Structure formats: C-alpha cells, structure tokens
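Take a look at the structure set out below.
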Amino acid sequence: MKEVFANNYKWLLILTLIAALLFPAACNRNPPTGIGSIEVLGEWGGEELASFQAMVAPWEQQTGGQMSFTGTRDLIAILTTRVQAGNPPDVAILPTPGLMTELAQEGSLIALDTVLNMTEINQDYAQGWIDLGTVNGSLYAIFMKASDKGTVWYDPKVFAGNNWTIPETWDDMIALSDQIVAEKKAPAAPWSIAVESGASSGWPATDWMAEILLRKYGGGVYDQLVNHSIPWTDSRVKDMWQMFGTVALTPGYVPGGATAILATNFQDGTYLPFLTPPGAAMDYLGDFTAGFVSSQFPQLVAGEDYAFFPFPIITEQYSGGVTGGADLVVAFKDTATVRSFVQYLSTADAQAIWVERGGFTSVNNKVSPNDYPDALTRAAAQQLTGATLFRFGAGDSMPSAVQTAWWAGVLSYLQNPSQLDSILADIESVAQTAY
Amino acid sequence: MCCPRNTIAGEPVMGNPLANLLARRRNPGRARNSRRRNYVHWLWLLPTLVFIAIFLVYPVIDTFVLSFMNADSTASVGLDNYAWVFTNGAAQGSLLNNVLWLTLFTFLAVGLGVLMAVLTGRVRYESVAKAFIFIPMAISFVAAAVIWRFVYAYSPEGFTQIGLVNAAATGVGLPPIAWLVEQKLAYLGQLLPTPLHTNNFALIVVGVWMWTGFAMVIISAGLKGIPTEVVEAARVDGASEWQIFRRITLPILAPTIAVVATTLIVQALKKFDIVWVMTTGNYGTDVVATFMYKEMFSYQNFGRAGALAVILLLAIVPIMLINIRRFRSEAQNR
C-alpha cells in the first residue's frame with residue numbers, strides 16, 4: 001500500500017509540473033488584441049528560416065502574436081496528409097503553384113480577396129503575379145522570394161576589353177557567338193553549358209529550352225506544353241530543342257563540345273567565364289549562379305567582375321517573358337491572426353527586411369531597389385517585378401515523370417542529335433501516362 | 001547428455017524441440033509415439049515463418065502480380081510490361097549491359113583473383129600485398145564510386161585536368177577522354193554495338209577493382225588447403241610449374257572458384273551502386289537494377305518496374321539452385 005501512495009504522489013507531482021508549465025503558455029494564447037499563435041509550414045531551414053523569423057519579428061512585437069514554423073523537405077507529402085486528416089497548418093509556404101491550384105479547387109484554401117486589402121495588392125503587385133495566384137476568379141496566394149531564370153552570366157570587363165556588345169536579340173546572340181569563335185581571342189569559345197547533376201542531370205538544358213519556348217512562342221504555347229495540351233512531337237516543341245541545339249552543338253561554341261556539356265557539373269560550368277584566362281564568354285543559368293560565382297571567386301565584385309544580361313528577345317511580342325520560381329503564401333484557416341499575418345507578409349515593409357538580409361527577391365513593386373544588397377540582385381528584382389509574362393520553370397510545373405523524361409531526353413539528344421524525333425516520341429509516351 | 005534438466009531418463013520433454021529432434025534421431029522407434037506432440041517445433045518456427053512470409057514471400061508474390069498490371073496498378077495489362085522490356089530500346093540496352101557485366105566483370109574478377117592468389121602465395125611480403133588488393137573490398141561502394149569519379153574526371157582539352165587518368169593521358173600528349181560519358185571507343189572514335197561502350201568498360205573496371213580482393217582471399221584459402229604431398233609428388237615426377245598449376249592446382253580449386261564465380265555473378269546481376277553513383281545510368285550505362293529504380297521512382301510505373309524485378313529474380317534463381325545443389329553434395333561428401 002505504501003508503494004501505491006508513493007506512486008500517486010509522484011503522479012500528482014508530475015501533473016502539477018505539467019500544469020505549471022502549461023499555465024503561462026495558456027495565458028499567452030489569448031492576448032487582449034485577439035491575435036494568437038500561428039503555425040506556418042514550409043521548406044525553409046537554416047539561413048532562410050532565420051531570415052523569415054527576422055521578417056516576422058516586427059509583426060510579433062506589434063500584435064503580440066507568435067509564429068511557430070514547421071520546416072520540412074517533404075512539404076507536399078506532409079501538407080496533403082495533414083489537409084486530408086483535417087489538421088492543416090494555419091499558413092503554408094508552397095514552392096510551386098501546382099499544389100496551390102489543387103488545394104484551392106478542392107476548397108482547402110481561404111480566398112485572400114476578402115482577407116487582404118485588394119486595392120493595395122493591386123498597386124503593389126504586377127497583374128501577372130496576381131493572375132498566377134488566382135484560381136476561378138479568387139486570389140488564393142501572394143508571391144514572395146522569387147527567382148529569375150532569365151539571366152545570362154558574363155564578365156563585363158572581358159566584354160569591354162574585347163569590344164563585344166551585349167546581345168539584345170537571339171540573332172544578335174548567334175552573331176556574337178560566331179564572332180567570338182572567329183576572333184579566337186580569350187575566351188575563344190562563346191558558351192559554357194554544363195548539365196551534369198547526378199540523378200537530375202539534364203535540367204540546366206531544360207531551363208534553356210523553357211526560356212526559348214516562352215520568348216519565341218509566348219505564354220499560351222508554354223502553358224500548353226506544361227499542361228500537355230500539345231504533344232512533345234509538336235513542331236514548335238521540336239523547334240525549341242533545335243534552337244537549344246544550335247547553341248549547344250555548333251562546333252566551337254562550347255569548349256569540349258557535347259561531351260564536355262554532359263561530363264561537366266552545372267556548378268563547375270558557371271566558373272568558366274570567370275577563370276583566368278576565361279574559358280568561355282557566357283553561361284546561361286538562373287540568378288542563383290551569383291552564389292556559386294561569389295563563393296568560388298570571393299575576390300570578384302558583383303556587378304563589375306560578374307554580371308548578367310537578360311535572356312535575349314526572340315519574338316518582339318514576348319520580350320517581357322521571364323521564367324523562374326517563387327514561393328507562395330497560402331492560408332488554410334480564416335482567423336484574425338491569419339488575416340493579420342498574411343496581410344503583414346504581403347507588405348513591402350515586411351519583405352524589405354529579408355531583401356536587406358540578402359537571398360530574397362521581392363515581386364512587390366513598393367520594395368525599394370535600394371534595399372537590395374548589390375547591383376545584381378537589384379537587376380534581377382527589376383526584371384521580375386517588371387515581367388509582363390512570368391512563368392514558372394516548365395519542368396517544375398510538369399508531373400515529375402515527364403520532367404525526368406525531359407532531363408533524360410536532353411542527355412540522349414546531346415549524344416545523338418539525329419535521334420531527336422524518337423527522343424520526343426519517348427517523352428510523349430511518358431507524358432501520355434503521366435497526365 | 002546435452003540438456004539434462006529438460007530430459008528425464010532420455011524421455012523427450014515437451015517444450016524443447018531440439019531435445020525432441022535429438023531424441024527422435026536417437027530412437028526412431030519412439031518417434032511414432034511422440035508425433036502427436038510434434039506441433040511444438042512449428043510454434044518455435046513460427047516467428048521466422050511469419051517474418052519470411054511478410055518480408056520475402058509476400059513482396060515476391062505482390063511484385064509478380066504488379067508486373068502484370070499497369071503503371072498505377074489499377075488494371076491488368078497481361079504480358080505488356082514484359083513485351084515492353086524486351087522491345088524498348090533503353091530496356092534492351094540495360095539487359096545487354098547486364099550481360100556484359102555478368103561476363104566481363106565475373107571473368108576479370110575471378111581471373112585476377114586466381115592470379116593474385118597464386119602469385120602472392122609465393123612471395124615473402126604476401127600479407128602486405130594481399131592487404132593492398134583487399135582494401136577496396138573494405139571501402140563502401142558509394143565511396144569507391146566517388147573515388148573513381150575523381151579518377152575519371154574530365155575537363156575539355158586545354159583546361160587543367162584534375163582526374164588521374166586524363167592528367168596522365170594529357171601528360172603524354174593524348175587528348176582527354178570523358179570516360180563516363182564517351183560511348184565511342186577511346187582514342188579510336190568508333191562506335192561499337194550497344195553494350196561494348198567505353199563508359200561501360202570504365203564502370204566494370206571499378207567493379208573488378210572492388211571484388212578482385214574478395215576472389216583472391218577465398219581462392220587463396222583454397223590454395224592453402226591443397227595438400228603439399230600432392231604437389232611434391234608431382235614435382236618429383238618432373239612436372240613443370242605450369243603443369244602443376246593446370247593439372248593439380250586448378251582442378252582442386254575448381255569448387256572454390258565456382259563458389260566465388262557464382263557470388264560474383266549474383267553481384268553482377270544486381271549491380272546498382274557503382275552505376276548509380278558514377279553515371280546514374282545515363283549515357284547508356286543503365287543496368288537492370290538502375291533501370292528498374294528509375295521506372296519505379298522516377299516514372300512511377302510499378303508494372304514495368306515489377307516486370308524488371310521478376311526478370312532479375314528469374315535470372316538469379318538458376319544460379320541459386322546450382323549453389324544449393326552444390327552445398328548439398330558437399331554436405332553429403334563430408
């Protein structure tokens with residue numbers, strides 16, 4: 001009997017402790033403003049999470065609210081499971097719009113038109129961004145932390161030294177490439193292209209093609225390919241491959257030719273224009289290239305020793321086309337806290353905090369260009385906020401099986417360009433089962 | 001008496017199947033009387049049987065069933081998946097690559113293993129030499145593949161070569177070669193039919209490097225077991241060293257070599273790690289295992305992946321049967 005008593009006391013003690021621990025938390029939960037704690041689900045961790053928390057800190061101070069962030073690398077699986085279980089987070093930050101559309105259509109998301117001040121939103125964001133967040137006439141997502149894939153990297157000093165001008169159109173770009181090959185200066189080759197990336201080898205080339213497709217045939221055809229309403233054997237799709245082939249396979253354009261493209265890691269490929277002596281004049285890859293270059297060559301100055309120019313215009317009509325990516329903020333619960341939180345995130349003041357910390361491109365027009373840490377990120381932000389025709393990277397918006405088939409197709413094409421038709425037929429057969 | 005506590009005067013006691021079995025063996029006449037109680041040993045086997053059923057038998061049956069269904073296993077497609085494996089170009093390529101692995105990898109690893117075992121057996125620094133040859137076996141497959149990626153690393157002509165092979169090649173004036181990408185014959189530029197590609201050979205070299213040590217150690221142990229009297233008798237009769245090797249050593253070693261060879265054949269059939277880490281099966285280096293992985297996880301086609309798994313299983317079964325049969329005959333000879 002003694003032992004039982006002892007046990008009971010022990011339990012009592014534990015319960016008291018738990019209650020004592022919970023009590024302050026319970027008090028915090030209901031501050032007088034009606035703003036409580038909020039759970040955000042996203043992919044960020046490390047540096048990115050620290051920046052996000054810094055961005056949220058003023059909101060927490062002003063409102064007394066509390067943000068708890070659940071970070072996961074397996075966002076889609078965890079989010080869909082939680083939504084199905086009826087236990088969604090308050091707010092989620094999604095990496096691609098496809099999931100947002102699905103969730104909005106099944107009615108899991110809160111329409112933001114009623115939550116946000118739409119006059120402000122319409123002033124702050126380009127129509128293209130609002131359209132991307134709209135499903136069936138209602139706004140479901142605001143965009144932040146965008147990335148720009150319309151960037152061709154080069155060394156401004158090398159260009160100036162060789163009297164090369166930045167090409168504005170595709171034809172100019174090909175003419176410049178021929179000129180570089182003919183002149184045999186340093187660098188003797190116009191292009192660095194590298195597609196090796198382990199299991200996802202091939203993706204840099206699919207970025208090339210997506211940019212070509214958007215700028216040559218516009219958003220309509222681009223969307224049709226992404227949604228598979230035109231087949232991969234379509235003549236315009238084939239044209240996209242061949243235009244990429246013009247750059248990748250013309251002898252002399254890329255040092256080492258197709259073999260080097262296949263054998264070189266995409267990150268190593270970005271170093272070529274900045275070696276001494278330079279190995280190539282230009283490298284097309286997204287704005288994250290700045291990070292690779294700055295960590296490999298810490299002595300180089302952004303904007304002076306390395307910079308980018310916008311991908312050249314192919315069809316005048318689609319000159320404002322940019323491919324890239326962006327994170328979407330979506331809300332699952334309609335509470336005062338969520339309203340206040342999402343409203344806050346959409347503002348330029350909030351986003352400027354992360355912009356200043358670096359690694360964040362805002363698509364909010366009100367964020368001052370001066371807030372960006374250097375000229376390059378500023379230029380990328382201007383290209384994005386001014387984009388009249390923004391599209392998410394084509395591969396990322398497709399079913400993963402089709403994306404993988406596209407990557408694999410690139411590798412076959414570079415080795416055997418004459419088999420393009422059968423490569424396209426292969427991707428088409430994957431697409432037919434995937435959609 | 002092994003278990004005096006459970007056995008009273010040689011009478012088997014329920015609850016100890018080992019004792020039961022021993023008792024049965026010793027007194028076959030009594031077995032009939034105790035058959036009634038024999039269900040007990042099934043009880044003891046139950047955990048193992050349950051595990052085998054859940055983790056081996058059920059997945060095999062399930063894979064077999066899936067291989068006759070479509071990509072998301074919602075409808076039956078008959079033999080379509082198998083037809084696809086044998087008609088699709090990429091799938092055929094992976095099958096042929098596996099055949100190349102099977103023959104070349106096994107032949108080279110066993111051949112070099114015998115050679116090294118015989119040669120190292122005759123020198124004073126035997127253990128040191130063997131250790132060096134065996135070390136690759138102790139490295140994880142992924143680490144070895146990463147090491148060899150560096151060995152084969154390629155930069156275009158005119159750039160600094162960081163790869164050992166290409167640095168050596170450019171050092172003597174030869175052009176660098178992208179060993180893991182190039183399908184044409186190195187330096188000759190000819191394209192041979194499917195499995196005979198430069199990059200396949202480059203990958204097989206890595207496999208051989210890893211497994212020669214294993215073959216050498218086992219064969220060397222067999223070599224040590226050859227009675228010296230036999231060799232000495234042959235020598236007295238005037239046999240040359242080659243004759244001794246050919247007529248005495250090899251025949252005595254044959255069962256050992258067979259064991260090593262079957263192990264390596266099974267390895268070659270399920271080869272995945274080296275190919276996956278070094279080329280991810282790209283540039284025409286896919287083997288069945290990597291191809292199956294891609295069909296399963298990249299293309300989410302459970303039917304085709306299932307068909308490939310079944311084909312792989314069927315290819316391994318005869319080798320396992322041969323192995324089991326030999327183990328049995330060896331057990332009988334003992």
Side-chain angles (χ1 to χ4, degrees), chain A residues 186-189 191-202 252 254-265 268-269 271-272 275-280 399-416 419 422-423 425-427 429-435, chain B residues 70-72 74 77 84 88-91 93 145-146 149 152-163 166 175-184 186 189 191 197-199 202 275-286 290-291 293-304:
Chain A
W191 289 101
S192 166
I193 304 178
V195 301
E196 196 279 321
S197 177
S200 43
S201 288
V254 182
T259 304
I261 297 177
L262 292 167
T264 312
N265 180 268
D268 296 340
Y271 304 152
L272 247 58
L275 297 172
T276 6
S400 64
V402 180
Q403 184 181 29
T404 314
W406 191 4
W407 292 338
V410 167
L411 306 180
S412 311
Y413 174 67
L414 287 169
Q415 268 186 323
N416 305 300
Q419 289 173 8
S422 79
I423 292 165
D426 280 349
I427 303 177
S429 73
V430 172
Q432 282 186 346
T433 52
Y435 282 91
Chain B
N70 62 358
D72 49 5
T74 48
V77 293
W84 177 85
N88 177 280
V146 171
R149 268 179 72 99
Y152 287 135
Y154 162 89
S155 307
E157 215 167 350
F159 290 81
T160 317
Q161 299 293 338
I162 60 156
N166 281 323
I177 286 181
W179 292 97
L180 298 177
V181 172
E182 197 60 72
Q183 295 183 333
K184 291 177 180 164
L191 187 64
H197 290 159
T198 297
N199 49 11
V275 178
W276 189 256
V277 177
M278 295 188 71
T279 64
T280 339
N282 291 324
Y283 327 119
T285 57
D286 256 327
T290 56
F291 199 71
Y293 182 93
K294 286 181 184 172
E295 281 300 326
M296 176 90 187
F297 295 104
S298 304
Y299 300 119
Q300 316 259 312
N301 196 321
F302 285 57
R304 286 174 184 173

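Predicted, not measured: the structure shown is a model, and the values here were computed from it.
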Spacing of OG belonging to A:Ser201 relative to CG belonging to A:Asn265, to within rounding of 0.5 Å
8.0 Å
Please state whether the side chain, the backbone, both or neither of [X] comes within less than 4.5 Å of a heavy atom of chain B.
{"X": "A:Ala408", "result": "side chain"}
{"X": "A:Leu262", "result": "both"}
{"X": "A:Leu414", "result": "neither"}
{"X": "A:Ala405", "result": "both"}

If you count heavy-atom pairs within less than 4.5 Å of chain A, which of B:Glu182, B:Gln183, B:Lys294, B:Gln300 leads?
B:Gln183
Of the backbone (N, CA, C, O) and the side chain (C-beta and beyond), which part of B:Phe159 lies under 4.5 Å from a heavy atom of chain A, both, or neither?
side chain
Please state whether the side chain, the backbone, both or neither of B:Trp179 comes within less than 4.5 Å of a heavy atom of chain A.
neither
Using the rule given for side chain to side chain contact (heavy atoms under 4.5 Å, CB included), can you reason through A:Tyr435 versus A:Val402, listing the C-alpha separation, both sets of side-chain angles and the distance that settles it, and then say yes or no?
CA-CA 9 Å; A:Tyr435 282 91; A:Val402 180; 3.9 Å; yes
Is there side-chain contact between B:Lys184 and B:Leu191, with at least one heavy-atom pair below 4.5 Å?
yes
Would you say A:Tyr413 and A:Gln419 make side-chain contact, with heavy atoms under 4.5 Å?
no
Yes or no on side chain to side chain contact (heavy atoms under 4.5 Å, CB included) for A:Glu196 and A:Thr264, after CA distance, side-chain angles and deciding distance?
CA-CA 5 Å; A:Glu196 196 279 321; A:Thr264 312; 5.7 Å; no
In terms of heavy-atom pairs under 4.5 Å, which option from A:Gly256, A:Ala401, A:Ala263, A:Gly257 contacts chain B the most?
A:Ala401
Worked verdict on B:Val181 versus B:Asn199 for side chain to side chain contact (heavy atoms under 4.5 Å, CB included)
CA-CA 6 Å; B:Val181 172; B:Asn199 49 11; 5.6 Å; no
